[in-house]
> 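Structure below; questions to follow.
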Amino acid sequence: YHVWTKGHAPTNFAKWRTATTPYRVQWEADFEPYVMVRRDSPEYDRRFVGFGWNKVAHIMELDAQEYEFVVLPNAYMIHMPHAPSFDITKFRSNKQYRVCLKTLKEEFQQNMSRRYGFAALKYMTAENNS
């Protein structure tokens with residue numbers, strides 16, 4: 001969460017450190033927690049491969065389908081530090097990559113709006129405010 005605060009802020013790690021019971025958190029823009037879901041849950045959107053919006057889009061889809069996000073005390077995973085991926089390097093250095101990603105995000109949000117109607121408005125509003 002130190003590297004990408006917005007992606008993990010809803011987890012509330014200060015609360016997690018002292019929690020003794022599970023607690024629910026709400027979706028926020030750019031939320032990308034590591035999750036465990038059933039095998040029959042929605043898959044990642046195949047538009048987002050490499051770097052950019054793969055986890056964010058998946059979590060938005062889960063939220064739209066009214067999945068609950070529950071943080072478990074005494075449970076954690078380790079994300080091992082690693083060198084920057086080829087895709088994040090392209091994102092950082094290639095304007096066309098960023099333009100394409102923006103187009104895919106807009107297309108995804110339009111699809112969400114068609115599928116979920118008014119309920120999907122919060123995703124579009126949050127993106128515009130972040």
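Only heavy atoms go into these numbers, but all of them, side chains included; no hydrogens, no water, no symmetry mates.
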> Group every Ile, Leu, Val, Met, Phe, Trp and Tyr by side-chain heavy-atom contacts under 4.5 Å, then state whether Val35 and Phe48 land in the same group.
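In one cluster with Val35: Phe48, yes.
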> Enter the distance from Gln109:CD to Leu121:CG here, rounded to the nearest 0.5 Å.
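That separation rounds to 10.5 Å.
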> How long is the straight-line distance from NE2 of His8 back to CD of Glu28, given to the nearest 0.5 Å?
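So the CD of Glu28 and the NE2 of His8 are separated by 12.5 Å.
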> At their closest point, which heavy atom of Ala19 faces which heavy atom of Pro73, and how far apart are they?
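Shortest heavy-atom separation between Ala19 and Pro73 comes out as O-CB, 3.3 Å.
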> Return the OG1 to CZ distance between Thr11 and Phe69, rounded to the nearest 0.5 Å.
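Result: 10.0 Å between the selected atoms.
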> Can you tell me how far the CD atom of Glu107 sits from the CG atom of Asp45, to the nearest 0.5 Å?
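Between Glu107 CD and Asp45 CG, I get 8.5 Å after rounding to 0.5 Å.
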> Are Arg115 and Glu61 close enough for a salt bridge, meaning some N to O gap below 4.0 Å?
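Yes.
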> Looking only at heavy atoms, which two atoms of Arg47 and Asn111 are closest? And how far apart?
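The pair with the smallest heavy-atom distance is NH1-ND2, 2.8 Å.
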> Using the rule that two of Ile, Leu, Val, Met, Phe, Trp, Tyr join whenever any of their side-chain heavy atoms come within less than 4.5 Å, decide whether Ile78 and Phe13 are in one cluster.
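Yes.
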> Do Phe118 and Ser113 touch side chain to side chain, with heavy atoms closer than 4.5 Å?
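SC-SC contact between Phe118 and Ser113 ruled out.
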> Parallel, tilted or perpendicular: which describes the rings of His58 and Tyr44, with under 30° parallel and over 60° perpendicular?
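Correct class here is parallel.
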> Step by step, would you call Asn12 with Val71 a side-chain contact (heavy atoms from CB on, under 4.5 Å)?
CA-CA 9 Å; Asn12 190 346; Val71 180; over 6 Å; no
> What pairs with Tyr23 under ring-ring contact (aromatic ring centres under 6.0 Å, His included), at least two apart in sequence or on another chain?
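ring-ring contact (aromatic ring centres under 6.0 Å, His included) check on Tyr23 returns nothing, list empty.
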> How many angstroms lie between CH2 in Trp53 and CG in Leu101, if you round to the nearest 0.5 Å?
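With rounding to 0.5 Å, CH2 (Trp53) is 8.5 Å from CG (Leu101).
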> Which pair of non-hydrogen atoms, one from Gln26 and one from Pro10, has the smallest distance, and what is that distance?
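In this case the closest contact between Gln26 and Pro10 is O-CB, 3.6 Å.
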> Please find the pair of heavy atoms, one from Arg24 and one from Val70, that lie closest to each other, and give the distance.
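It is CG-CG2, 4.0 Å.
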> Name the residue from Tyr123, Tyr116, Trp27 that meets the side-chain hydrogen bond (donor to acceptor under 3.5 Å, both in side chains) definition with Asp63.
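Only one option passes, and that is Tyr123.
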> Are Val99 and Val49 grouped together when hydrophobic residues (ILVMFWY) are joined by side-chain heavy atoms under 4.5 angstrom apart?
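No, Val99 does not connect to Val49 through the hydrophobic network.
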> Can you tell which of Gln110, Met112, Lys105 makes a side chain to side chain contact (heavy atoms under 4.5 Å, CB included) with Phe108?
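Output: one option passes, namely Met112.
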> At what distance, to the nearest 0.5 angstrom, does NZ of Lys90 lie from CD1 of Ile88?
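Separation between the atoms: 14.0 Å.
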> Just wondering, more than 12 heavy atoms not from Arg17 lying within 6.0 Å of its CZ?
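Yes, because the 6.0 Å sphere around CZ of Arg17 holds more than 12 heavy atoms from other groups.
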> Of all heavy-atom pairs between Asn74 and Trp16, which one has the smallest distance, and what is that distance?
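Where Asn74 meets Trp16 most closely, the heavy atoms are N-NE1, 4.1 Å.
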> Would Phe91 and Thr89 count as a side-chain contact (heavy atoms from CB on, under 4.5 Å) if you check the C-alpha gap in whole Å, the side-chain angles of each, and the deciding distance to 0.1 Å?
CA-CA 5 Å; Phe91 175 82; Thr89 301; over 6 Å; no
> Which pair of non-hydrogen atoms, one from Ile59 and one from Glu32, has the smallest distance, and what is that distance?
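Between these two residues, the closest heavy atoms are CG1-CA, 4.3 Å.
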